[in-house]
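A short worksheet on the structure shown next.
In what follows, chains are A, B, ... by sequence order, proteins preceding strands, each numbered from 1. Keep in mind it's a predicted model, so treat the numbers as computed, not measured.
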Amino acid sequence: MKLSEDLAWRGLLKDKTFDDTAYLDQPKSFYWGVDAASADSLTVGNLAPLLLAQRLARAGWKAVLLVGGATSLIGDPGGKDTERPLLPREQVAGNISAIKGQVSRLFGDSQFQLVDNYDWFSSLGYLDFLRDVGKHFSMSELIQREYITERMGESGTGISYAEFSYSLIQGYDFWHLYKEFGVNLQMGGSDQWGNMLSGVALIRKKEGAEAQALSMPLVINKATGKKFGKSEEGTIWLDPAKTSETQFRQFWINVDDADVGDYLKFFTFISKEEFGQLMSEHNAHPENRQAQNYLSQKVTELVYGTGAGQAAEQIQKVLTGQTPIDSVDSQLLSALRKEIPVIAGKTSVIEALVSTGLASSNSDARRLLAAGAVYINGQSTQSEQFKPDDFKNGRLLLRRGKAYKDSAVIEQ
RNA sequence: GCUGGGGUAGUGAAGCGGUCAAACACGACUGACUGUAAAUCAGUUGGCAUUCGCCUUCGGGGGUUCGAAUCCCUCCCCCAGCACCA
């Protein structure tokens with residue numbers, strides 16, 4: 001299947017500056033950029049564009065991956081409804097180096113060139129920038145952009161000149177990479193569309209040449225209408241230290257039926273044929289969650305490496321009660337320790353709930369207890385004290401609610 | 001800098017001297033129903049105690065008052081308009 005057909009089938013083509021998608025079938029050079037303005041790790045939200053970049057690379061495109069050391073110092077206003085606080089420079093630098101490592105690792109065996117826009121911005125003077133770049137942008141055009149108008153006006157929350165200028169910086173990046181590496185396509189999420197066009201326009205004006213831009217749709221949770229990867233259980237990071245393998249895997253297993261098809265297309269390299277077969281099995285017996293299992297296995301392996309997910313599966317068995325807590329060996333227990341709190345010496349259920357973080361306060365713990373939301377070894381309890389025979393082999397499994405991740409091990 | 005409007009719990013948004021721990025909506029949490037899904041229904045949603053109750057909150061600080069989210073002063077931040085005549 002041609003790249004253009006594959007991307008169209010997956011629903012990855014939203015906006016593009018070229019008319020004929022056959023443009024994509026002659027490999028050239030493209031770039032995709034990511035910032036690190038707020039954290040030292042990418043999230044699942046970055047995964048879809050990253051994979052799109054990889055799809056291009058696999059089809060023979062030369063990949064330039066940009067990690068925004070300069071742009072992260074400013075903050076992209078696109079997709080944000082409030083001005084962001086600036087992080088200290090050292091912290092941004094730390095985030096950047098962490099994300100560089102992550103991008104390199106996640107891009108797998110495909111070839112790529114990693115660049116950092118700080119390398120060319122740090123020495124660029126403000127006056128030069130205004131003359132070379134700023135002069136080519138029309139103010140009335142810029143202030144009509146949606147992310148600007150949303151922030152200004154009566155209902156707006158305001159926008160600083162710094163964030164307002166972001167688009168020009170990104171435009172400059174594209175121009176720079178065009179000159180330096182012959183990059184003639186920029187791709188990204190649709191929230192980047194305006195920024196990408198800035199680059200296309202700049203290259204046209206400075207070089208008299210046509211560069212192209214391609215955006216993929218933002219991944220939306222169809223059930224909630226929310227942007228993907230946010231809020232549900234907090235952010236899902238692509239860093240084992242921030243989101244454990246088990247949590248990560250569980251996130252994908254919990255995907256709604258309505259979304260699982262789209263996610264398979266976005267987040268895996270499944271072929272059209274295999275997809276059709278898997279989905280027809282899934283639709284016949286949705287309760288088996290075959291599609292979700294496939295998805296979680298593939299994505300977990302992608303992010304955590306081949307063979308990942310097996311430890312997670314063992315832990316899952318303990319949490320769901322398939323493996324009794326007393327038969328857990330020391331090796332599994334130490335793996336478990338990374339996933340859930342393990343504390344000792346509590347006799348009060350309420351104290352245990354609070355100190356493991358399963359309840360936010362004593363009142364909260366009491367509420368949960370009264371609601372029958374507290375489980376000891378899988379059995380709902382209303383007792384405020386642990387009983388001696390709750391402990392099996394010196395430990396018990398305490399859980400809040402039916403979500404298995406909200407568990408803790410209590411040792412005697 | 002001037003004039004006007006505004007800053008209320010995770011978000012939006014009421015309240016404008018006591019009956020305000022603060023309506024309502026969304027979100028979040030829990031339960032029922034389920035397929036580790038969605039939808040639906042029910043409960044909870046500052047803290048402590050859980051029996052009356054007590055304590056800390058309404059941008060920051062300081063006042064007035066028996067009593068303030070509500071009035072006054074001041075500072076910070078946001079929005080709009082104005083900034084030669086004005």
Side-chain angles (χ1 to χ4, degrees), chain A residues 77 79-86 143 148-164 220-236 246-264 279 281-297 300 309 312-323 339-340 348-351 353-354 356-375 378-382 384 397-407:
Chain A
K80 304 279 182 306
D81 51 11
T82 50
E83 181 88 10
R84 273 194 272 190
L86 286 180
I143 60 175
I148 302 289
T149 54
E150 275 175 3
R151 294 270 290 270
M152 309 215 310
E154 303 224 12
S155 57
T157 55
I159 182 166
S160 68
Y161 182 71
E163 283 198 7
F164 175 80
I220 299 289
N221 182 323
K222 281 181 181 154
T224 61
K226 286 271 164 92
K227 216 166 135 181
F228 171 76
K230 281 283 168 192
S231 85
E232 337 222 327
E233 355 246 84
T235 307
I236 305 295
T246 306
Q247 289 172 316
F248 189 83
R249 187 166 166 275
Q250 192 62 36
F251 171 79
W252 294 100
I253 285 186
N254 281 336
V255 166
D256 307 16
D257 291 349
D259 289 316
V260 73
D262 282 353
Y263 291 3
L264 282 169
M279 284 312 283
E281 284 170 25
H282 180 263
N283 290 330
H285 291 284
E287 69 277 12
N288 292 341
R289 308 184 76 76
Q290 265 193 64
Q292 281 92 341
N293 276 305
Y294 180 95
L295 177 67
S296 70
Q297 191 203 325
T300 305
E313 205 172 328
Q314 274 197 308
I315 287 167
Q316 215 116 50
K317 281 190 173 155
V318 176
L319 297 183
T320 53
Q322 291 171 62
T323 303
E339 296 294 333
I340 61 172
S348 155
V349 175
I350 291 178
E351 269 181 51
L353 285 168
V354 173
T356 52
L358 295 180
S360 61
S361 69
N362 289 356
S363 307
D364 189 32
R366 275 182 234 275
R367 265 181 233 121
L368 291 168
L369 209 51
V374 178
Y375 301 80
Q379 294 297 308
S380 179
T381 183
Q382 306 241 347
E384 292 201 10
L397 192 65
L398 184 68
R399 194 176 86 217
R400 181 201 78 209
K402 48 188 174 166
Y404 304 120
K405 66 186 173 56
D406 298 315
S407 297

- For E384(A), which residues count as a salt bridge (Lys or Arg N to Asp or Glu O under 4.0 Å) partner, sequence neighbours excluded?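 For E384(A) the salt bridge (Lys or Arg N to Asp or Glu O under 4.0 Å) partners, ignoring immediate neighbours, are R366(A).
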Are side-chain heavy atoms of [X] and [Y] found at a separation under 4.5 Å?
X: I340(A); Y: K405(A); result: no
X: L319(A); Y: E339(A); result: no
X: V260(A); Y: M279(A); result: yes

Expressed in angstrom and rounded to an integer, what is the separation of [X] atom [atom1] from [N] atom [atom2]?
X: D257(A); N: U36(B); atom1: CG; atom2: C1'; answer: 12 Å
X: D364(A); N: A28(B); atom1: CG; atom2: C1'; answer: 11 Å
X: K402(A); N: U34(B); atom1: NZ; atom2: P; answer: 11 Å
X: L369(A); N: U50(B); atom1: CG; atom2: C1'; answer: 13 Å
X: I253(A); N: A38(B); atom1: CD1; atom2: P; answer: 14 Å

Which base, if any, makes a Watson-Crick or G-U wobble pair with [N], both distances under 3.5 Å?
N: G1(B); answer: C82(B)
N: A39(B); answer: none
N: G17(B); answer: none
N: G12(B); answer: C24(B)
N: U51(B); answer: none

[X]: side-chain hydrogen bond (donor to acceptor under 3.5 Å, both in side chains) partners, not counting sequence neighbours:
X: S380(A); result: none
X: E287(A); result: H285(A)
X: R249(A); result: Q316(A)
X: Q314(A); result: none

Does [X] put a side-chain nitrogen or oxygen below 4.0 Å from OP1 or OP2 of [N]?
X: R399(A); N: U36(B); value: no
X: S361(A); N: C48(B); value: yes
X: Y375(A); N: U30(B); value: no

At a cut-off of 3.5 Å, list every protein nitrogen or oxygen paired with a nitrogen or oxygen from nucleotides 52-58 of chain B, distance to 0.1 Å.
none

[N] to [M] separation - [atom1] atoms, rounded to the nearest Å:
N: U36(B); M: G31(B); atom1: P; value: 14 Å
N: C24(B); M: A14(B); atom1: P; value: 15 Å
N: U40(B); M: C79(B); atom1: C1'; value: 41 Å
N: C72(B); M: G1(B); atom1: P; value: 22 Å
N: G59(B); M: G12(B); atom1: P; value: 13 Å
N: G67(B); M: C20(B); atom1: C1'; value: 13 Å
N: G7(B); M: G60(B); atom1: P; value: 13 Å
N: A21(B); M: C2(B); atom1: C1'; value: 40 Å

- Message: Closest-nucleotide mapping onto RNA chain B: is G401(A) or R366(A) further toward the 5' terminus? I mean the 5' end.
- Response: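 The residue closer to the strand's 5' end, by nearest nucleotide, is G401(A).
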- Nearest-nucleotide comparison on RNA chain B, the residue closer to the 5′ end among R400(A) and V255(A):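 Result: R400(A).
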Of all the nucleotides listed ([options]), which has the minimum atom distance to the side chain of [X]?
X: S363(A); options: U34(B), G35(B), A49(B); result: A49(B)
X: A371(A); options: U36(B), U30(B), G47(B); result: U30(B)
X: Y404(A); options: U36(B), U34(B), G35(B); result: U36(B)
X: P286(A); options: G35(B), A49(B), U36(B); result: G35(B)
X: D256(A); options: U36(B), G31(B), A37(B); result: A37(B)

- Query: Considering only heavy atoms and no angle criterion, is a donor-acceptor pair shorter than 3.5 Å present between the side chain of N288(A) and the base of G35(B)?
  - Reply: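 Counting by modelled atom types and ignoring angles, no donor-acceptor contact under 3.5 Å is found here.
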- Got a donor-acceptor pair under 3.5 Å from the side chain of Q250(A) to the base of U36(B)?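 Yes.
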- Item | Check: H282(A) main-chain N/O paired with Q290(A) side-chain donor or acceptor under 3.5 Å |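 It does not hold such a pair.
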- Look at atom CD of Q322(A) and say whether more than 12 heavy atoms of other residues, nucleotides or ligands are closer to it than 6.0 Å.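 Yes.
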- For N362(A), which contact category applies under a 4.0 Å heavy-atom criterion: base, sugar-phosphate, or nothing?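 Sugar-phosphate contact only.
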